[in-house]
Peer 1: 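If you scroll down you'll find the structure; I have some questions about it.
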Amino acid sequence: WKNTAISIGILMTAFGSLYSIFLIYIMAGVLKNICTFCVVVDVVNFLLLGIFWSLKKGPLLSNIDRSKIGASLAMIGVC
């Protein structure tokens, strides 16, 4: 169960980090204004991705227990 949670955490934080990159582009490139709170949230997203990635063992999707997909999707839905 631990490996499944780590894999899901990696997927969620990877999506959040990609979205953070997009928002940083909007802040810096389009609006030409930087929100300090937003930058702190983005840094936390990147740090969480690094933490989850360091906990990973083996290939990313091979750690997901196929019998617990329903519970995993429910966990993603709650977050």
Peer 1: For residues Ile21 and Phe46, determine if any side-chain heavy atom of one lies less than 4.5 Å from a side-chain heavy atom of the other.
Peer 2: yes
Peer 1: With side chains defined as the heavy atoms from C-beta onward, is the minimum distance between Thr13 and Asn45 less than 4.5 Å?
Peer 2: no
Peer 1: To the nearest 0.5 Å, how far apart are OG in Ser17 and CH2 in Trp53?
Peer 2: 11.0 Å
Peer 1: When you group the ILVMFWY residues by side-chain heavy-atom contacts below 4.5 Å and let the links chain together, are Leu31 and Leu23 in the same group?
Peer 2: yes
Peer 1: Out of curiosity, does Leu11 fall in the hydrophobic cluster containing Leu18 (side-chain heavy atoms, cut-off under 4.5 Å, transitive links)?
Peer 2: no
Peer 1: What distance do Asp42 atom CG and Leu47 atom CG have between them, rounded to the nearest 0.5 Å?
Peer 2: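 Between atom CG of Asp42 and atom CG of Leu47 there are 11.0 Å.
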Peer 1: Specify whether Phe22 and Tyr25 have parallel, tilted or perpendicular ring planes, treating 30° as the upper limit for parallel and 60° as the lower limit for perpendicular.
Peer 2: tilted
Peer 1: Hey, could you give me the CD1/SG distance between Ile24 and Cys35, rounded to the nearest 0.5 Å?
Peer 2: 11.0 Å
Peer 1: Answer yes if Leu55 and Ile10 sit in the same cluster of Ile, Leu, Val, Met, Phe, Trp and Tyr residues linked by side chain heavy atoms under 4.5 Å apart, and no otherwise.
Peer 2: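 Yes, same cluster.
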Peer 1: Hey, quick one: are Val40 and Ile51 part of the same hydrophobic cluster, counting side-chain heavy atoms closer than 4.5 Å, chains of contacts allowed?
Peer 2: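 The answer is no; the residues belong to distinct hydrophobic clusters.
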